[in-house]
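Each remark here refers to the structure printed beneath this line.
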Amino acid sequence: MTKKITITLPDGSQKQAQAGITGLEIASMIGVGLAKAAIAFEVNGEQRDLSDAVSEDSSISIFTIDSKEGLEIMRHTVAAQVLARAIKNLYPNAKLAIGPTIDDGFYYDFLSDKTVSIDDLPKIEKEMEKIIASNSIINKTIHSKEEAMSAFAAIDEPYKVKIIEDSTQDSNFQIYNQGDTGFIDLCRGPHLPSLEKVGAFKLTKISGAYWKGDSNNEMLTRIYGTAWKNEKELNKYLALLEEAGKRDHRKLAKEMDLFHFQEEAPGMVFWHPKGWSIYLALQNYMRKKQAANGYDEINTPLVVDRKLWEASGHWDKYRENMFITEIDEEHANEKRVNALKPMNCPCHVQVYNHGLKSYRDLPVRLAEFGSCHRYEASGTMHGLMRVRGFTQDDGHIFCTEDQIESETASFISLLSTIYADLGFNSFDIKLSTRPEVRVGSDEVWDKAENALKSAITKLDLPYSIEEGGGAFYGPKLDFVLTDAIGREWQCGTFQADFNLPERLDAEYVGEDGSKHRPVMMHRAILGSFERFLGVLIENYSGKLPLWLAPTQIVFMTVTDEVADYASKLKGRCDALNLRAELDLRNEKIGYKIREHSNAKVPLMAIIGKEEMGSNTVSIRNLSENQTNNYSIEEALTLLVDSSALPS
RNA sequence: GCUCAUAUAGCUCAGUGGUAGAGCACUUGCUUGGUAAGUAAGAGGUCACCGGUUCAAGUCCGGUUAUGAGCUCCA
């Protein structure tokens with residue numbers, strides 16, 4: 001009567017079993033140890049609870065906490081079964097929303113009639129511990145859409161009802177419970193079979209989050225947490241977070257005296273001498289690189305009449321992000337409304353439009369270190385990473401549709417060498433394709449998307465696709481770097497634009513003697529100097545390579561008697577345009593070394609009687625904490641060579 | 001913009017309604033020393049801003065601004 005089925009395990013081996021065998025029974029078949037460690041399983045690529053039955057021939061793999069999947073299932077259970085229940089216990093009026101896993105942890109969203117703050121987390125953790133200690137068995141039942149909706153309507157959980165209502169499926173809704181505790185939750189599962197299997201967890205932060213991620217909806221309370229298979233792994237993760245925090249560019253900037261912000265100009269950087277020195281070194285490097293790659297540098301106005309922004313479409317589509325200025329009527333015949341430029345593109349078209357362009361001139365590559373201002377929402381500012389005033393390493397390539405692919409390829413190759421010079425050997429590439437609302441024909445979009453895709457494929461670079469993520473005027477490639485605490489920042493970008501040349505009437509004379517529209521490629525490699533420097537500082541933990549370091553070498557004396565000798569050496573460096581400093585203070589050498597090490601000065605020259613006597617210099621290297629002795633000429637040659645811009 | 005939190009010396013932070021504190025940094029002595037903190041003294045404050053409660057506010061309450069974490073949005 002019962003059917004036999006064949007089960008294929010990940011190693012390819014096969015076992016016969018009765019149809020209807022559960023995941024737990026399969027694990028037992030393989031071994032007692034596995035049955036004990038098992039927390040869920042996978043049937044033909046679909047994750048299931050151990051209590052689920054298998055009735056067909058299937059490929060099976062059993063998950064334990066040691067697998068990536070197992071860990072994620074455990075985190076999910078901690079969120080949906082433990083945290084959610086704790087919230088309901090402590091805040092009975094709370095309405096549960098969703099509780100998914102994220103990298104390294106989980107969160108749960110709920111609506112609360114009481115404000116919950118970070119100070120409440122220990123209390124919630126304690127309640128969670130209590131729930132886990134009960135070692136409740138987790139069961140589930142399967143329901144039709146109507147049953148599921150009425151179950152959650154009965155306990156007044158409107159978000160759960162809404163989720164079921166909006167779901168496209170009409171049966172098979174899984175409701176998990178913990179015995180007779182009265183707690184139930186809707187979930188696609190799977191979950192741990194019992195709370196006994198929960199490892200070590202910690203609630204980390206609390207914030208608001210919009211229901212369904214839509215800012216028009218109400219704001220829910222979100223509690224974030226992390227969970228690991230044991231205390232040791234948890235502590236390792238927490239220590240890692242703490243280490244990463246030390247690399248935060250805002251913290252390093254204070255320690256290294258690079259820049260500051262103040263209330264009178266939120267989101268605008270006050271660069272200090274040392275920070276500006278890094279900025280300039282980077283800018284000089286970029287200027288050299290772009291000049292060598294066919295770009296002509298230009299400069300365009302900061303304040304531009306609203307007429308141009310109306311023509312470009314910014315006034316209509318981007319006004320809420322623009323700083324608007326008005327000229328006082330006393331000083332003008334008519335009131336003029338201007339805007340600080342939020343982007344450089346319309347101005348670049350003005351430069352392109354001066355003089356008739358032939359197809360022989362294309363591609364025209366215009367570059368500008370363009371200072372832009374955008375009125376960003378107050379809550380979005382973040383150190384150098386997100387500011388209101390910033391400078392892009394902007395550029396626009398005016399070319400024909402046929403030139404898109406080769407321009408893409410040469411752009412990416414330039415970007416790759418620049419990122420490598422700056423210490424970034426890995427970065428993510430995202431290809432954003434046509435959005436719902438767009439301009440231009442599907443043929444042109446096909447052509448543009450394919451050109452970008454084909455260029456990137458030929459370079460054999462991995463990329464991900466963001467369907468519908470393109471700008472309304474064209475598809476784009478984004479180049480994404482990651483900061484100290486794992487947040488991703490879009491830096492480089494390469495965007496095809498068929499719209500602006502039309503709006504601002506850019507033309508070239510083709511081979512056929514008639515006028516044509518060029519395509520305009522918007523591109524940036526660093527993105528903005530501000531953001532890129534933020535990521536750069538974090539990537540190097542403040543220990544910048546010699547060519548970028550604000551102070552490259554500091555001459556520090558062991559005793560007053562060698563002050564003149566040290567000054568002379570510093571003078572030699574000045575003459576060679578090296579960034580050298582002199583530390584003649586009445587302090588011990590250990591103190592000076594400590595101080596300049598903390599300031600991340602890459603080279604420290606220790607000058608004492610020995611060096612003066614032998615006309616040498618001892619240079620201590622920050623990265624290796626190692627001192628070498630050089631003759632003066634040797635040292636200067638080495639310094640000049642090793643501090644040159646990468647070529 | 002939204003939610004929650006924070007704002008005290010240059011920096012990091014303590015201060016539970018009754019005279020403003022510490023460590024580091026700074027200044028001045030002493031010390032002239034050899035590879036990550038010598039030593040003593042001194043100076044340094046409109047406790048973010050505006051208002052309220054109170055005999056009395058850094059402390060309690062309301063508002064504003066900025067900052068932090070996240071959400072939405074973005075280089």
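Just the heavy atoms: all of them, side chains too, but no hydrogens, waters or symmetry mates, feed the values below. Letters go in sequence order (proteins before strands), and every chain restarts at 1. Predicted, not measured: the structure shown is a model, and the values here were computed from it.
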| query | Stems in RNA chain B: runs of 3 or more consecutive Watson-Crick or G-U pairs, distances under 3.5 Å? | reply | B:1-7 with B:65-71, B:10-13 with B:21-24, B:26-30 with B:38-42, B:48-52 with B:60-64
| Polar pair under 3.5 Å, donor/acceptor by atom type, side chain Thr559(A), base U32(B) | yes
| Taking atom C1' in both G58(B) and A9(B), what distance in whole Å separates the two? | 14 Å
| request: For His382(A), answer base if it contacts any base atom (sugar-phosphate contacts may also be present), sugar-phosphate if it contacts only those atoms, and nothing otherwise; contact means non-hydrogen atoms under 4.0 Å. | output: sugar-phosphate
| message | In terms of relative ring orientation, are Tyr237(A) and Trp228(A) parallel, tilted or perpendicular, with 30° and 60° separating the classes? | response | tilted
| field | A75(B) pyrimidine/purine six-ring stacking with Phe390(A), under 5.5 Å and 30° | value | yes
| request: Check every strand shown and say whether Gly469(A) touches a base, only sugar-phosphate, or nothing at a heavy-atom separation below 4.0 Å. | output: nothing
| query | Between Tyr419(A) and Phe532(A), is any pair of side-chain heavy atoms under 4.5 Å apart? | reply | yes
| query | Expressed as a whole number of Å, how far does the P atom of G38(B) sit from that of C24(B)? | reply | 11 Å
| said: Work out how far the P atom of U8(B) is from that of C47(B), and round it to whole angstrom. | reply: 11 Å
| query | Pick from Phe498(A), Phe494(A), Phe398(A), Tyr473(A): which one makes a ring pair (Phe, Tyr, Trp, His ring centres under 6.0 Å) with His522(A)? | reply | Tyr473(A)
| remark: Output for pair (Glu297(A) CD, Gln290(A) CD), nearest 0.5 Å, gives 7.5 Å
| message | Using a heavy-atom cut-off of 4.0 Å across all strands, would you classify Ile593(A) as base, sugar-phosphate, or nothing? | response | base
| request: Return the orientation label for the Trp271(A) and Trp276(A) ring planes: parallel under 30°, perpendicular over 60°, tilted otherwise. | output: tilted
| task | Identify whether NZ of Lys or CZ of Arg in Arg434(A) sits under 6.0 Å from the centre of the six-membered ring of Phe472(A) and within 45° of that ring's axis. | result | no
| query | Counting any heavy atom closer than 4.0 Å, what does Tyr224(A) reach on the DNA or RNA strands: base, sugar-phosphate only, or nothing? | reply | sugar-phosphate
